[in-house]
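Remarks on the structure that follows.
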There are 2 protein chains.
Amino acid sequence: MAAPEEPRWLSDEERKAWLATAAIMITLPAALDARLQQEANLTFFEYMVLAVLAERDDRTMQMSDIAAGVSASLSRLSHVVAKLEKQGLLCRSRVPGSGRRTNATLTDAGHAKVVAAAPDHVAAVRDYFMDALEPADVATMQRVGMAVARCINPARPFFHGATR
Amino acid sequence: MAAPEEPRWLSDEERKAWLATAAIMITLPAALDARLQQEANLTFFEYMVLAVLAERDDRTMQMSDIAAGVSASLSRLSHVVAKLEKQGLLCRSRVPGSGRRTNATLTDAGHAKVVAAAPDHVAAVRDYFMDALEPADVATMQRVGMAVARCINPARPFFHGATR
DNA sequence: TCGTTGAACTTGACGCTTCAACTATAGGGC
DNA sequence: GCCCTATAGTTGAAGCGTCAAGTTCAACGA
């Protein structure tokens, strides 16, 4: 169950690349959380959920699809959606006659919340991430991100909109 | 306090790059945690702490330096180190005559633990991350990671070893 | 038509992280 | 010597995320 005989250690270059990536994974979400928290009283994850719904014409999506869209477990989503529903930012409704499916729909208050939070969030994404990239890096990050997602979960090909 | 007048929205390419990066931030730590959990009963963060100590000749570092090395708050580190100490993987000692400084030292058990966990952890880093990179991406990820870290915290130029 | 299986959530408990105090020590200023 | 501030860590409470179990519904087989 452990690794084979002699593990392929990381080269020095690989190790540096990995440590730098690990630093992103640890600090970037924290930084974005802090900004959203003080500007809109939302977590990064909550924002992603609202944003993904706001992109839909009918502001509605099934729970599982949201979960796939924000790369999270259904359980985590369920807790967060319950909280957002209690705040009146969205509401849930069972789809009758189709198993246990549940739709979440953004309320007007929820939509207003995303619209209000978006400008500063986008600015934060630029400040902490996008501005650190050179032009050619944008395409690289997209390719690498999707490749990593595929490695981690080959089953779920990653959701991404389906809108527009 | 909100953004200026007209926010600079993300272009379509930037948006895709950002979503892919966000997916990494959400799924990669979870995947590594899962592997370390079942192979060594450690979290990714606990592993990082032990690993950073193991690289030192005397297996010893000051709390603040460890915190900087693993990009974490002192509070978080304190809780985790307390837990690791309870498990006998490291021990703390005050440095007399130099303020409130505390050193953490890896015990033999702790060293054995990292050595045992390392091969599978490295394999996991390859499986989920390194193997998704093309050769040229390694240098890019290192540069981008360090640039992002600088954007988020210009004060702390990022620690990285100082060993060897 | 009854029981079983599988899908789609929900829930509760537990552990980890964060935040805001709080403590202890050293280094001045006067 | 005494106070003031800064530095370095610790601690407890509150909130978030994860895991395992539970619930509800549809579909299918006998």
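Quantities reported herein were computed from a predicted structural model and do not represent experimental measurements.
The distance between atom CG of B:Leu74 and atom C1' of C:dT18, rounded to the nearest whole Å, is 13 Å. For A:Met61 and C:dA8, the CE to C1' distance is 17 Å, given to the nearest whole Å. In this structure, the NZ atom of A:Lys86 is 11 Å from the P atom of D:dC16, given to the nearest Å. In this structure, CG of B:Asn41 is placed 13 Å from P of D:dC19, rounded to the nearest angstrom. Nucleotide C:dA20 holds its P atom 12 Å from the CD atom of A:Gln38, rounded to whole Å. In this structure, the CG atom of B:Asp33 is 19 Å from the P atom of D:dC16, given to the nearest Å. Rounded to an integer number of Å, the gap from CE of B:Met25 to P of D:dG17 is 13 Å.
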- [ ] Report the C-alpha separation of A:Leu106 and A:Leu89 in whole Å, then their side-chain angles, then the decisive distance to 0.1 Å, and conclude whether the side-chain contact (heavy atoms from CB on, under 4.5 Å) test is met.
- [x] CA-CA 6 Å; A:Leu106 212 56; A:Leu89 301 178; 5.6 Å; no
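Using modelled atom types, one side-chain atom of B:Lys113 and one backbone atom of B:Ala40 make a donor-acceptor pair closer than 3.5 Å. With hydrogens and angles ignored, the 3.5 Å screen pairs a side-chain donor or acceptor of A:Thr27 with a backbone N or O of A:Ala23.
In this model, the phosphate group of C:dC9 is approached by a side-chain N or O of A:Thr102 to a distance below 4.0 Å at OP1 or OP2.
With distances taken from any side-chain atom of A:Arg92 to the nucleotides D:dT18, C:dT10, C:dA8, the minimum falls on C:dT10.
Both A:Ala30 and A:Gln62 lie close to DNA chain C; mapped to their nearest nucleotides by heavy-atom distance, the more 5′-ward contact belongs to A:Gln62.
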When you compare the protein's N or O atoms with those of nucleotides 22-28 of chain D, which come within less than 3.5 Å of each other, and at what distance?
| unit_1 | atom_1 | unit_2 | atom_2 | d |
| --- | --- | --- | --- | --- |
| D:dT24 | O4' | A:Arg100 | NH1 | 2.9 |

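Taking the ring-ring contact (aromatic ring centres under 6.0 Å, His included) definition, one finds that A:Tyr47 meets it with A:His121, sequence neighbours left out. Applying the salt bridge (Lys or Arg N to Asp or Glu O under 4.0 Å) criterion to A:Arg126, with sequence neighbours excluded, gives B:Glu14.
Using a cutoff of 4.0 Å between basic side-chain nitrogens and carboxylate oxygens, A:Arg15 and B:Glu55 are scored as salt-bridged. The residues B:Arg59 and B:Asp108 are annotated as salt-bridged, a charged nitrogen and a carboxylate oxygen being separated by less than 4.0 angstrom.
Legend: ring pair (Phe, Tyr, Trp, His ring centres under 6.0 Å) pairs involving residues 10-30 of chain B, not counting sequence neighbours, sorted by first then second residue: A:Phe129-B:Trp18. Counting only residues at least two apart or in different chains, ring pair (Phe, Tyr, Trp, His ring centres under 6.0 Å) contacts with residues 62-102 of chain B are absent.
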Open item on the list: What does the B/S/- profile of nucleotides 12-17 of chain C look like, 5' to 3', with a 4.0 Å heavy-atom cutoff to protein?
Closed with: B---SS
